[in-house]
Amino acid sequence: MRALGGSISMMLDLHELADQVSDEVSFLHFIAILAADWQKEREIEAVEGQRPFSAGPLGWENGTIGTFLEAAADWGEASIDGLPLYQKPSNPWCRAAHILLAGKFYE
């Protein structure tokens with residue numbers, strides 16, 4: 001999965017990719033792409049500098065593992081019965097991908 005590199009994350013829409021997760025293999029692929037997206041943001045910030053009061057250049061609100069996991073857990077709990085603009089998928093692999101993706105943006 002590492003061979004995918006950071007550049008692929010720029011070409012793929014992470015929301016669409018999360019929606020396509022259907023099994024363990026596609027979930028692991030999603031995690032690799034999400035990790036590459038995070039790494040790409042770190043590289044961009046190393047050149048451009050961090051934005052202290054806004055999301056990073058690729059939309060990351062949570063840049064540490066602690067804040068990422070906390071945000072993912074909070075969003076997962078808040079959306080357990082769905083949300084006005086989010087219908088909880090029946091596939092647990094897809095749901096897990098959605099929860100991890102929320103760790104990127106949920107505050």
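- In this structure, Glu61 and Tyr106 have side chains that are not in contact, with every pair of non-hydrogen atoms separated by 4.5 Å or more.
- Shown here are the side chain to side chain contact (heavy atoms under 4.5 Å, CB included) partners of Asp19, two or more places apart in sequence or in another chain: His98.
- Scanning for side chain to side chain contact (heavy atoms under 4.5 Å, CB included) contacts around Leu101 gives Leu14, His15, Ala18, Phe30, Leu34, Lys104, Phe105, with sequence neighbours left out.
- Of all heavy-atom pairs spanning Ala96 and Phe27, the tightest one is CB-CE1, 3.7 Å.
- At least one side-chain heavy atom of Tyr86 sits less than 4.5 Å from a side-chain heavy atom of Lys88.
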Would Asp74 and Glu70 satisfy side chain to side chain contact (heavy atoms under 4.5 Å, CB included), going step by step from the backbone distance to the final call? CA-CA 6 Å; Asp74 288 348; Glu70 183 178 0; 3.8 Å; yes
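- By the 30° and 60° cut-offs, the orientation of the rings of Phe68 relative to Trp60 is tilted.
- Annotation: side chain of Gln20 is in contact with side chain of Leu17 (closest heavy-atom distance under 4.5 Å).
- Taking CD of Glu77 as the reference point, atom CD1 of Ile99 lies at 10.5 Å (rounded to 0.5 Å).
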Please report the C-alpha distance between Leu100 and Trp75 in whole Å, then the side-chain angles of each, then the deciding distance to 0.1 Å, and finally whether the side chain to side chain contact (heavy atoms under 4.5 Å, CB included) criterion is met. CA-CA 9 Å; Leu100 286 182; Trp75 184 86; over 6 Å; no
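- Hydrophobic clustering (side-chain heavy atoms under 4.5 Å, transitive across Ile, Leu, Val, Met, Phe, Trp, Tyr) groups Ile65 together with Ile31.
- Across every non-hydrogen atom of Ala78 and Leu83, the tightest pair is O-CD2, 3.4 Å.
- Remark: Glu45 engages Glu41, Arg42, Gln50, Pro57 in a side chain to side chain contact (heavy atoms under 4.5 Å, CB included) (not counting sequence neighbours).
- Closest of all the heavy-atom pairs between Ala71 and Asn62 is CB-ND2, 3.3 Å.
- Judged by distance alone, the side chain of Ser79 and the main-chain N or O of Gly82 form no donor-acceptor pair under 3.5 Å.
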